[in-house]
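Beneath this line is the structure, given in structure tokens, with notes to follow.
Note: hydrogens, waters and symmetry copies are ignored here, and every other heavy atom, side chains too, is used. Since we're looking at a predicted model, the values are computed, not measured. For the single chain, residues carry numbers from 1 onward in sequence order.
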Amino acid sequence: MANRLQRLDRSGLVLLCIFLGTLRGFRAGQIRYSVPEETEKGYFVGNISKDLGLEPRELAKRGVRIVSRGKTQLFAVNLRSGSLITAGRIDREELCETVSSCFLNMELLVEDTLKIYGVEVEIIDINDNAPSFQEDEVEIKVSEHAIPGARFALPNARDPDVGVNSLQSYQLSPNSYFSLQLRGRMDGAKNPELVLEGSLDREKEAAHLLLLTALDGGDPIRKGSVPIRVVVLDVNDHIPVFTQSVYRVSVPENISSGTRVLVVNATDPDEGINGEVMYSFRNMESKASEIFQLDSQTGEVLVRGSLDFEKYGFYEMEIQGQDGGGLFTTAMMLITVVDVNDNAPEITITSSINSILENSPPGTVIALLNVQDQDSGENGQVSCFIPNHLPFKLEKTYGNYYKLITSRVLDRELVQSYNITLTATDQGSPPLSSETHIWLNVADDNDNPPVFPHSSYFAYIPENNPRGASIFSVTALDPDSKQNALVTYSLTDDTVQGVPLSSYVSINSNTGVLYALQSFDYEQFRDLQLRVIARDSGDPPLSSNVSLSLFVLDQNDNAPEILYPALPTDGSTGVELAPRSAEPGYLVTKVVAVDKDSGQNAWLSYRLLKASEPGLFAVGEHTGEVRTVRALLDRDALKQSLVVAVQDHGQPPLSATVTLTVAVADSIPEVLADLVSLESLANSETSDLTLYLVVAVAAVSCIFLVFVVVLLALRLWRWHKSRLLQAFEGGLAGMPTSHFVGVDGVQAFLQTYSHEVSLIADSQKSHVIFPQPNYGDTLISQESCEKSEPLLIAEDSAIILGKCDPTSNQQAPPNTDWRFSQAQRPGTSGSQNGDDTGTWPNNQFDTEMLQAMILASASEAADGSSTLGGGAGTMGLSARYGPQFTLQHVPDYRQNVYIPGSNATLTNAAGKRDGKAPAGGNGNKKKSGKKEKK
């Protein structure tokens with residue numbers, strides 16, 4: 001019969017499992033499994049991949065895992081097989097204790113979709129526990145006058161298993177006085193009782209030994225027993241009686257330790273020790289024994305531990321009242337624990353991200369979180385929220401799970417990061433709440449192009465700027481970050497006057513500084529129109545551009561240019577005629593000049609710089625007109641030289657000069673007749689001057705050569721003496737070479753005492769000029785030739801002789817200012833081509849050139865406006881020729897006479913045929929030409 005019952009129980013268990021399996025598909029997101037307790041680690045629970053609709057290899061890829069709540073994990077997911085397995089030993093009695101059906105709930109998270117699946121695993125009980133009694137031995141005292149049918153309570157056995165594996169029956173060892181009966185309790189359990197079947201006789205048998213056995217319904221059957229010793233007492237015919245058969249009380253879970261819960265009371269009408277009642281707990285569970293305490297004398301029930309509604313909400317205990325005679329009675333005490341809002345909600349962040357790209361669409365999931373409250377009722381109802389001003393919101397997904405999503409598009413340029421405060425509050429009184437924080441960074445997206453502060457720029461640069469000079473700087477701001485905010489600058493491809501813009505201006509791609517690649521000329525172009533492009537380094541890059549107007553500012557870099565009187569193409573100098581009958585204010589000529597600059601730099605003014613006859617002519621300051629100031633007199637010279645200066649108003653001012661030759665005569669033949677009388681005076685003065693010059697140069701050269709020869713002989717003698725001493729004294733070989741004087745010392749000594757000889761034309765005397773000491777490395781260095789500081793300098797210029805030739809005894813080219821002024825430029829002749837540079841003969845003693853120099857000097861002396869210094873209209877020898885000036889350097893003086901208003905020139909045909917050097921005054925006419933006219 002027992003085996004049949006066991007088979008029926010097993011078949012019912014199988015049907016129950018099949019029924020639970022069919023229910024798994026009816027609830028979306030809920031998976032049910034069952035597993036027996038006490039299985040080994042790795043025991044197969046269920047095919048989780050099949051129930052999720054996934055392949056086993058997809059579990060790891062999609063991040064399937066069990067959500068942990070801080071408790072010990074009893075199960076795990078095998079990512080290879082896709083099955084749910086046990087992670088350790090499972091003891092149903094430890095997990096569920098007295099609960100008949102033991103279900104464990106857990107949540108399964110799929111990371112990539114952020115979905116939660118509920119999994120419920122039923123722990124099936126096995127018969128792994130035998131019934132047991134708390135007492136090692138039970139002693140029952142029975143009066144010998146006890147009547148048959150009297151009942152005596154026996155201890156209950158405990159079996160933590162459930163169902164058929166739990167405690168099923170009791171057995172009492174066979175005897176003739178007692179029997180066993182079971183009395184049901186309110187919770188369905190049965191209490192064993194010992195029933196007296198016959199009268200006892202203490203004198204026959206003072207004690208009876210019985211064995212109480214408890215059996216469960218498992219397979220195999222397990223059992224436990226406890227010995228019972230029945231002691232027959234003398235007459236005590238009253239038992240204690242409780243005032244209530246059941247005591248009920250409700251206590252809050254936060255009651256303090258030592259608080260009295262209730263007082264039980266039992267009375268016994270007997271006297272003496274048989275009337276004294278002692279109280280104690282019967283069949284008390286271990287958890288209750290740790291929390292409650294019963295005073296055996298007074299019957300007070302005290303709390304000695306902490307109550308927790310979330311663990312145990314109800315306690316059922318049996319209280320026994322026993323008198324001194326051994327008689328006792330029992331009563332039930334039911335304690336209900338009232339829930340108190342003593343647990344704040346708990347927020348668990350299951351999954352979250354710490355960075356989100358700006359411009360992400362609304363609804364992007366930030367985090368998945370779980371909210372729990374261990375309290376019950378209203379105390380366990382939790383609401384979760386975030387501040388309203390944040391661009392996020394919470395949505396409830398499954399159970400107590402929420403997902404935090406964006407409610408609108410984020411902009412990193414407005415807010416770079418968010419500190420999101422999650423608050424969970426229950427409905428208790430007073431309500432409890434908890435907070436947690438999520439720090440979210442907003443990642444940058446290249447959604448902002450660089451922006452220039454201004455829509456256009458204007459820059460100004462003076463002309464003649466140095467190449468590579470910084471012109472202007474532009475800056476564009478990009479509110480993005482990192483690479484998206486890294487701005488580079490460039491210029492658009494364009495051309496200016498057919499030339500690429502990149503050949504004029506460049507820009508630093510990193511700093512935005514513009515540089516001039518050329519020196520700008522205001523006279524060529526006055527402005528440049530540029531477009532600067534600012535581009536960030538995002539992907540894709542964004543750009544913007546701005547116009548830049550570059551204006552070139554005029555500088556006073558152009559001297560006035562004289563248009564009239566213009567130089568004739570053949571090199572002759574024009575002559576203006578002024579009749580002797582001219583009245584004051586007579587317009588002789590007009591100087592016309594222009595300036596390529598603009599503005600104040602091109603505003604010209606004219607002034608008379610020099611005149612051979614002061615007070616005779618005047619120049620209009622703004623018109624350039626040359627007019628007579630007074631009437632011409634007979635004593636006025638025939639040829640008047642005027643130097644007119646044209647000056648602009650720039651800073652610094654630039655000027656140009658022109659030399660005008662005004663012939664005071666009514667006709668050209670009269671001019672030619674007067675010029676002949678000036679030649680003889682010029683020839684005599686020039687001849688004397690040249691003679692002095694030649695004698696001085698020859699004397700100085702001789703003295704210098706003698707000095708050099710003596711010095712070299714002295715140095716050679718000392719050097720020879722030192723060599724002899726060195727041969728005898730070997731110890732001197734290690735001395736520094738600086739202690740000896742050799743040829744280098746002779747060279748330095750010669751350089752130190754080099755000198756120059758100059759002839760000052762104004763004073764008609766020769767002067768010796770000593771330069772600064774020169775310590776070159778050669779005997780005659782180029783520096784000593786180019787650098788000299790004369791002790792005496794003429795006011796205009798001097799003819800400086802004796803300078804060395806840097807090309808080793810070859811004739812030096814003429815100085816850069818060797819050319820004559822506009823009034824002195826020579827024309828073409830039979831021996832010269834009349835170009836600007838002139839052709840210089842190699843013969844240093846050309847007689848014809850010497851005669852030409854003397855005649856030219858005499859002519860200028862006759863005009864009364866010239867010295868040999870080097871001013872305008874003079875034969876400035878020292879200023880015009882190189883350091884090895886010789887007489888052949890004087891250009892051909894046979895010049896053409898230019899007549900204003902006419903294309904005719906007077907030439908000396910006879911002079912050309914005879915090969916003679918012509919003479920004249922300042923290049924205005926030729927002597928031979930005058931004789932032919934006569």
Side-chain angles (χ1 to χ4, degrees), residues 458-467 469 471 496-499 504 516 518-529 549-576 587-611 617-629 640-662 816-825 836-837 870-873 876 879 898 900-901:
F458 302 93
Y460 302 90
I461 179 173
E463 65 172 336
N464 302 323
N465 58 286
R467 293 184 180 182
I471 302 175
V496 177
Q497 298 179 357
V499 180
Y504 290 97
Q518 292 188 8
S519 180
F520 294 109
D521 191 352
Y522 177 81
E523 287 70 37
Q524 290 184 2
F525 55 86
R526 301 186 178 185
D527 62 271
L528 285 176
Q529 299 298 325
S549 298
L550 179 62
F551 297 98
V552 181
L553 300 179
D554 182 43
Q555 297 291 310
N556 192 24
D557 58 339
N558 291 284
E561 181 180 355
I562 298 175
L563 302 180
Y564 184 84
L567 292 177
T569 58
D570 59 357
S572 61
T573 303
V575 178
E576 304 290 341
L587 177 60
V588 178
T589 185
K590 181 177 181 178
V591 178
V592 180
V594 294
D595 196 320
K596 293 181 181 180
D597 296 323
S598 64
Q600 188 175 355
N601 297 329
W603 182 21
L604 303 179
S605 62
Y606 303 83
R607 63 188 178 92
L608 184 59
L609 184 64
K610 186 177 182 182
F617 298 97
V619 179
E621 182 180 2
H622 302 296
T623 62
E625 296 177 348
V626 180
R627 296 179 182 272
T628 58
V629 178
Q640 300 289 336
S641 294
L642 305 179
V643 179
V644 179
V646 184
Q647 180 174 301
D648 57 25
H649 287 73
Q651 291 297 329
L654 301 179
S655 62
T657 61
V658 62
T659 301
L660 301 177
T661 302
V662 179
T816 56
D817 56 350
W818 68 271
R819 298 178 181 86
F820 285 86
S821 65
Q822 297 290 350
Q824 298 170 334
R825 186 178 302 274
D836 290 341
T837 58
Y898 171 72

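Shown here are the ring-ring contact (aromatic ring centres under 6.0 Å, His included) partners of Y460, two or more places apart in sequence or in another chain: F551. Residues satisfying the side chain to side chain contact (heavy atoms under 4.5 Å, CB included) criterion with A559, sequence neighbours excluded, are L654. Qualifying side chain to side chain contact (heavy atoms under 4.5 Å, CB included) partners for N558, counting only residues two or more places apart in sequence or in other chains: E523, D595, K596, D597. Residues satisfying the salt bridge (charged side-chain N to carboxylate O under 4.0 Å, His left out) criterion with E463, sequence neighbours excluded, are absent altogether. With sequence neighbours left out, A618 forms a side chain to side chain contact (heavy atoms under 4.5 Å, CB included) with V629. The side chain to side chain contact (heavy atoms under 4.5 Å, CB included) check on T623 picks up E625, with sequence neighbours excluded.
D554 places no side-chain N or O within 3.5 Å of a backbone atom of D521 that could act as its donor or acceptor partner.
The shortest side-chain heavy-atom distance between V591 and V658 falls under the 4.5 Å cut-off. Here the side chains of V594 and L563 are in contact, with some heavy-atom distance below 4.5 Å. Proximity of T659 to L642: side-chain heavy atoms (C-beta onward) are nowhere separated by under 4.5 Å. Annotation: side chain of W603 is in contact with side chain of H622 (closest heavy-atom distance under 4.5 Å). Side chains of I471 and F520 form a contact here, defined as non-hydrogen atoms less than 4.5 Å apart.
Rounding to the nearest 0.5 Å gives a distance of 3.5 Å between CD of E576 and OG1 of T589. Rounding to the nearest 0.5 Å gives a distance of 13.0 Å between CG of D527 and CD1 of I461.
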